[in-house]
A.B. asks: 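The structure's right below; bear with me while I get my questions together.
Along the sequence shown, residues carry numbers from 1. Values below: all heavy atoms of this structure, side chains included; hydrogens, waters and symmetry mates excluded.
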Amino acid sequence: MQPPLAHRAIEAEPDIGLLLPCNVVVREEADATITVAFMDPEAVMQLVGKPEVHALGKEVRALLQRVCASLKA
């Protein structure tokens, strides 16, 4: 998670640090293709019952999806 987004999350819910950072896995498969996978921050942020935190999870998820899409291009 980018530092400004992490800061916003911590401001909204101080204990959110237990759920950070967003985990990303990059691995080479047997057929030499590269797989990039990430934890769904929107799903994780739903564990906190605050709408502003859930909205932040959606924002981070959209950013990660953009990154993954750009890797496939």
A.B. asks: When the side chains of residues 47-58 are checked against the rest of the protein, which donor-acceptor pairs come out under 3.5 Å, sequence neighbours left out?
C.D. replies:
unit_1, atom_1, unit_2, atom_2, d
Lys50, NZ, Ala12, O, 2.9
Lys50, NZ, Glu13, OE1, 3.1
His54, NE2, Gln46, NE2, 3.0

A.B. asks: For residues 3-12, pull every pair meeting salt bridge (Lys or Arg N to Asp or Glu O under 4.0 Å), keeping only residues two or more places apart or in separate chains.
C.D. replies: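 Output for this query lists Arg8-Glu59.
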A.B. asks: Rounded to the nearest 0.5 Å, how far apart are CE of Met45 and CG of Asp40?
C.D. replies: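 Atom-to-atom, Met45:CE and Asp40:CG are 10.5 Å apart.
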A.B. asks: Atom CZ of Phe38 and atom CZ of Arg61: how far apart are they, to the nearest 0.5 Å?
C.D. replies: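 The CZ atom of Phe38 sits 6.5 Å away from the CZ atom of Arg61.
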A.B. asks: Partners of Val36 by side-chain contact (heavy atoms from CB on, under 4.5 Å), sequence neighbours excluded?
C.D. replies: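 Val36 satisfies side-chain contact (heavy atoms from CB on, under 4.5 Å) with Val24, Val26, Ile34, Cys68, Leu71 only.
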A.B. asks: Would you please name every residue forming a side-chain contact (heavy atoms from CB on, under 4.5 Å) with Arg27, sequence neighbours left out?
C.D. replies: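 Scan of Arg27 (side-chain contact (heavy atoms from CB on, under 4.5 Å), adjacent residues dropped) gives Val25, Glu29, Thr35.
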